[in-house]
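This report refers to the structure that appears directly beneath it.
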Amino acid sequence: MNHEIEKAVGTNIRALREKAKMTQDELSAKMQVEGCDITRSALAKIEVGQRHLYPDEIIVIKEILKVSFDDIFKLK
């Protein structure tokens, strides 16, 4: 994996989460309700590009934050 891409995607997720006025705790809790076994700590690592994202996590984040895949994967 390209670390710069992972970092950019993580930055996008953080910005989208903050735009939705949601904390890492809130997003991870909502993801858990949807069946993704993720902790706040894991979400924090995703946001800084230190942890890979799984496809099911990407889909659930997209649905919870009500954003598009383009919003998540936008490379600046």
Hey, mind stepping through Glu18 and Arg14 against salt bridge (charged side-chain N to carboxylate O under 4.0 Å, His left out) and telling me if it holds?
CA-CA 6 Å; Glu18 289 175 345; Arg14 179 180 181 181; 3.0 Å; yes
Please determine whether residues Ile59 and Val33 belong to a single hydrophobic cluster, defined as Ile, Leu, Val, Met, Phe, Trp and Tyr linked transitively by side-chain heavy-atom distances below 4.5 Å.
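No, because Ile59 and Val33 fall into different hydrophobic clusters, even though each may have its own neighbours under 4.5 Å.
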Closest approach of Glu57 to Cys36 (non-hydrogen atoms, all atoms of both residues):
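Answer, listing the atom of Glu57 first, then Cys36: CA-SG, 3.9 Å.
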As an exercise, state the distance from [atom1] of [X] to [atom2] of [Y], rounded to the nearest 0.5 Å.
X: Leu27; Y: Gln32; atom1: CG; atom2: CD; result: 10.0 Å
X: Asp56; Y: Ile61; atom1: CG; atom2: CD1; result: 9.5 Å
X: Leu43; Y: Met31; atom1: CG; atom2: CE; result: 6.5 Å
X: Ser68; Y: Lys74; atom1: OG; atom2: NZ; result: 9.5 Å
X: Asn12; Y: Arg17; atom1: CG; atom2: CZ; result: 13.0 Å
X: Ile64; Y: Leu16; atom1: CD1; atom2: CG; result: 12.5 Å

Check step by step if side-chain contact (heavy atoms from CB on, under 4.5 Å) holds for Phe73 and Val9.
CA-CA 6 Å; Phe73 291 107; Val9 170; 3.8 Å; yes
Yes or no on side-chain contact (heavy atoms from CB on, under 4.5 Å) for Val48 and Thr11, after CA distance, side-chain angles and deciding distance?
CA-CA 7 Å; Val48 295; Thr11 299; over 6 Å; no
If you define the side chain from C-beta out and look only at heavy atoms, does anything of Met22 sit under 4.5 Å from Leu65?
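In short, these two side chains touch, coming nearer than 4.5 Å.
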In sequence, state the C-alpha distance, the side-chain angles, and the governing distance for Lys30 and Glu63, and then conclude on side-chain contact (heavy atoms from CB on, under 4.5 Å).
CA-CA 10 Å; Lys30 288 178 184 253; Glu63 292 172 356; over 6 Å; no
For Ile46 and Ile38: C-alpha separation, side-chain torsions, deciding distance, then whether side-chain contact (heavy atoms from CB on, under 4.5 Å) applies.
CA-CA 11 Å; Ile46 288 168; Ile38 190 167; 3.8 Å; yes
Assess whether atom NZ of Lys62 is packed by more than 12 heavy atoms of other residues, nucleotides or ligands within 6.0 Å.
yes
Any side-chain donor near an acceptor of the partner, Glu47 and Gln24, under 3.5 Å
yes
